[in-house]
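Okay, structure first, notes after.
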Protein chains: 2
Amino acid sequence: MKGISHPALDDISLENVCQALTDPVRIEIVGRLAKMSEATCSVLNAGRPKSSMSHHYRVLRDSGLICTRTRGTTHFNALRRAELDARFPGLLDALLKAMAVDADGEAKYEASPRSSTIPI
Amino acid sequence: MKGISHPALDDISLENVCQALTDPVRIEIVGRLAKMSEATCSVLNAGRPKSSMSHHYRVLRDSGLICTRTRGTTHFNALRRAELDARFPGLLDALLKAMAVDADGEAKYEASPRSSTIPI
DNA sequence: TCTATTGTTCGACTACAAGCGTACAATGGT
DNA sequence: ACCATTGTACGCTTGTAGTCGAACAATAGA
């Protein structure tokens, strides 16, 4: 594990933040981090290939959305809440709320076995 | 000019909204619409090729960020403020504020002749 | 109806991003 | 020192997005 670098506050751009949230996998990571405050990569990987996930962490780091603390060989990821809020006030909160809304909408189609469990 | 369709509220996804704001040209369009409430394509084109811009309007429309009213052969574009706020409360405002912040940051390097006009 | 204007659609090219296997690096434990 | 674990870096393939010229569609006006 070589250089894990994070952009400075002023180098965080809206364009990059949006770019980072373009992918459902990364949206999921951010959404989960919002509830866990800190999590290792392996916890978030959910069985997906390491190299793919490592790519997503990098995109999220480069965008300024998350920071990674290294402890031994394991990496702890967390949202850069306070910093992001300093740079773009209110944005992260609005994004997190939007993620919750969006997840609700999709849940209607995936879960909710009601229609099949109540035949007559 | 054929079918100009807009997604329903529930079909607007955070992923698509972010995707739409991935491009600086589209960020600029949204930022300008925030101040103008309505504008024709030709006004926003700023001399760029029509076909390229038409593509950007389509992405913005499909994402749910803007709607297009057709009047004769000219198209009037506007932000879907109220609807977006109903779907993702606070998100659009936060995004618009973020655009302003981001634009400021870049302006420091492009405009602002102060450092060169106040030598001593 | 003929023409100018306003945008969209199509097609081709280019650039970038995702996915993933493999190799590598860094650390902890024995 | 050796090995297992954790994650990154590299290289490749594939898919998708941006760019733009050229052709087309729709409308207003003469």
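In what follows, every chain begins at residue 1, and chains take the letters A, B, ... in the order their sequences are listed. All of these numbers come straight from a predicted model, not from anything done at the bench.
- The hydrophobic clustering, which links ILVMFWY residues whose side-chain heavy atoms are closer than 4.5 Å, places B/Phe88 and B/Leu9 together.
- For the pair B/Ile12/B/Leu65, no side-chain contact is recorded, criterion being any heavy-atom separation below 4.5 Å from C-beta on.
- Here the CD1-NE2 distance, from A/Ile4 to A/His75, works out to 4.0 Å after rounding to the nearest 0.5 Å.
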Under 3.5 Å between N/O atoms: give me all the protein pairs with nucleotides 16-20 of chain C, atom names plus distance.
unit_1: C/dA18; atom_1: OP1; unit_2: A/Arg26; atom_2: NH1; d: 2.7
unit_1: C/dA18; atom_1: OP1; unit_2: A/Arg26; atom_2: NH2; d: 2.5
unit_1: C/dA18; atom_1: OP2; unit_2: A/His55; atom_2: NE2; d: 2.4
unit_1: C/dG19; atom_1: OP2; unit_2: A/His56; atom_2: NE2; d: 2.7

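- The rotation axes computed at either terminus of the helix from C/dT1-D/dA30 to C/dT30-D/dA1 lie 20° apart, taking five pairs at each end and rounding to 10 degrees.
- Atom NZ of B/Lys50 is separated from atom P of C/dT6 by 8 Å (rounded to the nearest Å).
- The environment of A/Arg58 atom CZ is sparse: at most 12 non-hydrogen atoms of other residues, nucleotides or ligands sit within 6.0 angstrom.
- If you take CZ of A/Arg69 and C1' of D/dT6, they are 15 Å apart, rounded to a whole angstrom.
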Report task. Decide yes or no on salt bridge (charged side-chain N to carboxylate O under 4.0 Å, His left out) for B/Glu38 and B/Arg71, but give the supporting numbers first. Result -> CA-CA 12 Å; B/Glu38 209 178 34; B/Arg71 185 81 174 178; over 6 Å; no

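- When side chains are defined from C-beta on, A/Asp62 does not count as touching A/Asn16, because their heavy atoms never get closer than 4.5 Å.
- When rounded to the nearest whole Å, the span between CG of B/Asn45 and C1' of D/dG18 equals 16 Å.
- Spacing between atom CD1 of A/Ile29 and atom P of D/dG7 amounts to 12 Å, rounded to whole angstrom units.
- Atom pair B/Glu28:CD and D/dG18:C1' shows a separation of 16 Å (rounding to whole Å applied).
- Distance CZ (A/Arg58) to C1' (D/dT6): 17 Å, rounded to an integer number of Å.
- Within the nucleic acid shown, A/Arg71 has no heavy atom closer than 4.0 Å to any nucleic acid atom.
- Atom CD in B/Gln19 sits 6.0 Å away from atom CZ in B/Arg26 (nearest 0.5 Å).
- Residue B/Ser54 places at least one side-chain N or O closer than 4.0 Å to OP1 or OP2 of C/dT8.
- Across the protein-nucleic acid pair, A/Glu15 atom CD and D/dG18 atom P stand 11 Å apart, rounded to whole Å.
- Within the 4.0 Å cut-off from OP1 or OP2 of C/dG7, at least one side-chain nitrogen or oxygen of B/Ser42 is found.
- Comparing C/dG7, D/dT6, D/dA9 by their nearest atom to the side chain of B/His75 picks out C/dG7.
- The distance from the CG atom of A/Leu95 to the SG atom of A/Cys18 is 7.0 Å, given to the nearest 0.5 Å.
- With values rounded to the nearest 0.5 angstrom, A/Asn77 atom CG is found 6.0 Å from A/Tyr57 atom OH.
- Across the protein-nucleic acid pair, B/Leu60 atom CG and C/dG7 atom C1' stand 15 Å apart, rounded to whole Å.
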